[in-house]
Amino acid sequence: MRNKTLQANAEKQKRFREKQKALGKKMVRGYVSPQALVCYEELQDKTGWSDSDILSNALRITYAAYKKGQIRILNQYLEDNKM
């Protein structure tokens, strides 16, 4: 019985990953620093965004700063404000 449950869960996860892939989404995750975790928790509380939304928006903001030549300003802000 336990083996069937494990297989069913694995199949559900596989279908979910395939669906997300079909929607053009890619799973990207990593470990965060304690400072980043505090920022993450505050963002989640104030915005109600999911983990995926926070990561997507963070990547989009970082990319926008890069494209506009302001990545150095963003990095300096993070360093000056201990974030």
Next item on the list: Tell me whether Trp49 is reachable from Tyr63 by hopping between hydrophobic residues (I, L, V, M, F, W, Y) whose side-chain heavy atoms are closer than 4.5 Å.
Entry: no
Margin query: Suppose we screen for salt bridge (charged side-chain N to carboxylate O under 4.0 Å, His left out). Which residues come up paired with Asp45, at least two apart in sequence or across chains?
Written below: none
Notebook entry, point to check: Do Ile71 and Leu74 touch side chain to side chain, with heavy atoms closer than 4.5 Å?
Noted result: yes
Item checked: In one Ile/Leu/Val/Met/Phe/Trp/Tyr side-chain cluster, 4.5 Å: Ile73, Tyr66 -> no
Check: To the nearest 0.5 Å, what is the distance between CD1 (Ile54) and OG1 (Thr47)?
Finding: 5.0 Å
Next item on the list: Determine, step by step, whether Glu11 and Gln7 satisfy the side chain to side chain contact (heavy atoms under 4.5 Å, CB included) criterion, reporting the C-alpha distance in whole Å, the side-chain angles of both residues, the deciding distance to 0.1 Å, and the verdict.
Entry: CA-CA 6 Å; Glu11 283 298 317; Gln7 286 179 332; 5.5 Å; no
Notebook entry, point to check: Considering residues at least two apart in sequence or located in another chain, which fulfil the salt bridge (charged side-chain N to carboxylate O under 4.0 Å, His left out) criterion with Lys46?
Noted result: Glu42
Notebook entry, point to check: Any side-chain donor-acceptor pair under 3.5 Å between Asp53 and Ser56?
Noted result: no
Check: Hey, are the side chains of Tyr40 and Val32 touching, using non-hydrogen atoms and a 4.5 Å cut-off?
Finding: no
Notebook entry, point to check: About how many Å separate NZ of Lys21 and CG of Leu23, when rounded to the nearest 0.5 Å?
Noted result: 12.5 Å
Notebook entry, point to check: Do you know the tightest heavy-atom contact between Asp51 and Gln44?
Noted result: N-NE2, 4.5 Å
Check: Are a donor atom and an acceptor atom from the side chains of Arg72 and Asn75 found within less than 3.5 Å of each other?
Finding: no
